[in-house]
Enquirer: 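One structure, as structure tokens, below. Some questions next.
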2 protein chains.
Amino acid sequence: MPADTLTNPRKTPVQARSSATVEAILEAAARILESEGLEGYTTNAIAKRAGVSIGSLYQYFPNKDAVTAALVRADTEEMAGAMEAVMVAYEGRPVRDCIGALVEVAVCHQFDRPMLARLIDLEEHRLGRDFGMEAARERMIGVVRRLLENSRLDLPFDLETVTQDLFALSHGITDAAGMKGETDRAHLNARIRHAILSYLGVPAS
Amino acid sequence: MPADTLTNPRKTPVQARSSATVEAILEAAARILESEGLEGYTTNAIAKRAGVSIGSLYQYFPNKDAVTAALVRADTEEMAGAMEAVMVAYEGRPVRDCIGALVEVAVCHQFDRPMLARLIDLEEHRLGRDFGMEAARERMIGVVRRLLENSRLDLPFDLETVTQDLFALSHGITDAAGMKGETDRAHLNARIRHAILSYLGVPAS
DNA sequence: CTTAAATATGAGCGATAGCTCGCATTGAAA
DNA sequence: TTTCAATGCGAGCTATCGCTCATATTTAAG
């Protein structure tokens, strides 16, 4: 039995329609997690919502966890990409602004689909991080770490810890707000920006 | 059929041994969530680990969710009680110290059993909050709200929002630290205290 | 057109989950 | 001691889940 059952798909799509199938499966998986939670998250349900037969699902994913792992990877990579794009767009601008933009991206990613974000996070830990996940996560965290490194700020704790805490606290606040059903995204942005900037000791503008 | 299947136990314990049974069931449920996660969290497994038959379990809980709900209630009540005790012990002392003590209690509660805390939180949302849960939660949040009210601090947002954010950010940081396997509780305390105090704008001592 | 690989299908198998129910045991009131 | 409610028991029912496999359809190469 191969070691990583989560990365070796049974078959790799070569034609266009099969790539579409895989796409549809991941999209359906996300939508079910968001709307039904873990209860309704079954392979049969995923296949049905994707408009695909259960057999097709198992041609591209060796098991249910592999679907989830692929979903986690895709989600993290999307996030990492968005954050890297922000840093390119904000090249040379003050830390305050960069952080504001990053927070907006992060909130946007998590706030509209709180249940999905929460369950993805849960599953990520349950599965353990495979190479793809780890790499995407490192890309994402690396963005903030580099920002802090170049900022010449006097950090209250070591760089690695601070980076992790900033992710964790904004994740926590967004999660609570999302699950509580808040709708004012701008207000949420402001609060997280405040939490982060004050943690970092960046003086108010 | 009664409306709240989560609060009406099939039978209420009247003898001593049945109370012990209920206790054992809740304790076993917590231990399984902590060590096995949702995968191993089955009513049969709970009964087995509690040293009780499956039939006994269903004499006191109408269904699986009722067990989980009772566990959530007990957990929140324990937390609320601990925080109230802290505030009694710290009567009249400066806000800094009160917050430090509250953080210690909160971290202590969540840090050693990160998986349990995380899953309890998840289930709490899935079940919706029944009366018992809501009351316990209000007790817990009320402690911090009153502390902030009496502190005469100039809060960056309205009282309710700030209270919620403080819980959320410390929850997020503790969760991340716990799941990552950190062991230095004092360091974690320091970081959360820092995050909270700077969010509140309390000057460094 | 022929042909073989790629892709799609879904009935259904084995395993296991939540939960029931008939019966055994225990405890306390009389 | 008798008696009955309270408590405890666990084999097993039903439903559903993850997943397989035999078969059908589509696509692209020659």
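As the structure is a prediction and not an experimental result, all values here were calculated from the model. These numbers come from the heavy atoms of this one structure, side chains and all, not from hydrogens, waters or symmetry mates. Each chain gets a letter, A, B and so on, in the order its sequence line appears, and its residues count up from 1.
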Enquirer: When you look at A:E36 and A:R49, which way does the salt bridge (charged side-chain N to carboxylate O under 4.0 Å, His left out) test go after all the steps?
Expert: CA-CA 12 Å; A:E36 317 286 341; A:R49 173 138 0 169; 3.5 Å; yes
Enquirer: Pick out which of A:I54, A:L57, A:T68 makes a side chain to side chain contact (heavy atoms under 4.5 Å, CB included) with A:I46.
Expert: A:L57
Enquirer: Output the residues of residues 22-31 of chain A in contact with DNA chain C, where contact means a heavy atom of the residue under 4.0 Å from an atom of the strand; sort by number or write none.
Expert: none
Enquirer: Would you please name every residue forming a ring-ring contact (aromatic ring centres under 6.0 Å, His included) with A:H125, sequence neighbours left out?
Expert: none
Enquirer: B:V143 and B:M87: which non-hydrogen atoms are nearest, and at how many Å?
Expert: CG1-CG, 3.3 Å
Enquirer: Tell me which residues in residues 33-45 of chain A put a heavy atom below 4.0 Å from DNA chain C, sorted by number, or none.
Expert: none
Enquirer: Just how far, in rounded Å, is P of C:dT9 from NZ of A:K48?
Expert: 14 Å
Enquirer: Show your reasoning for whether salt bridge (charged side-chain N to carboxylate O under 4.0 Å, His left out) applies to A:R191 and A:E182.
Expert: CA-CA 13 Å; A:R191 283 145 59 193; A:E182 290 184 28; 2.8 Å; yes
Enquirer: Does A:T12 form a side chain to side chain contact (heavy atoms under 4.5 Å, CB included) with A:Y60? I'd like the steps, not just the answer.
Expert: CA-CA 7 Å; A:T12 306; A:Y60 302 102; over 6 Å; no
Enquirer: Please encode protein proximity along nucleotides 22-30 of chain C as a string of B, S and -, counting only heavy-atom distances under 4.0 Å.
Expert: ----BS---
Enquirer: Just do the salt bridge (charged side-chain N to carboxylate O under 4.0 Å, His left out) check on B:E134 and B:R137 with the steps written out, would you?
Expert: CA-CA 5 Å; B:E134 197 57 67; B:R137 195 173 174 79; 5.6 Å; no
Enquirer: Could you go through B:L102 and B:L147, starting from their C-alpha distance and side-chain angles, then the distance that decides it, and tell me whether this counts as side chain to side chain contact (heavy atoms under 4.5 Å, CB included)?
Expert: CA-CA 11 Å; B:L102 288 176; B:L147 175 63; 3.9 Å; yes
Enquirer: Using the rule side chain to side chain contact (heavy atoms under 4.5 Å, CB included), only one of B:V144, B:L169, B:V162 pairs with B:I196; which is it?
Expert: B:L169
Enquirer: Determine whether B:R31 and B:E27 satisfy the following criterion, salt bridge (charged side-chain N to carboxylate O under 4.0 Å, His left out), listing intermediate values before the conclusion.
Expert: CA-CA 6 Å; B:R31 282 226 281 268; B:E27 176 60 29; 3.1 Å; yes
Enquirer: Give a yes/no answer on whether the side chain of A:S18 brings an N or O atom under 4.0 Å of OP1 or OP2 in C:dA8.
Expert: no
Enquirer: Applying ring pair (Phe, Tyr, Trp, His ring centres under 6.0 Å) as the test, list every pair that has at least one member in residues 88-124 of chain A; sequence neighbours left out.
Expert: none
Enquirer: Taking any atom under 4.0 angstrom from a heavy atom of chain B, which nucleotides of DNA chain D are the first and last to qualify, 5' to 3'?
Expert: D:dA6 to D:dA11
Enquirer: With rounding to the nearest 0.5 angstrom, report the OG to CG distance, A:S170 to A:L188.
Expert: 9.5 Å
Enquirer: In whole Å, what is the span from the CG atom of A:L57 to the P atom of C:dA8?
Expert: 11 Å
Enquirer: Output, in order, the C-alpha distance, side-chain angles, deciding distance and verdict of side chain to side chain contact (heavy atoms under 4.5 Å, CB included) for A:L33 and A:R113.
Expert: CA-CA 10 Å; A:L33 272 187; A:R113 311 173 83 181; over 6 Å; no
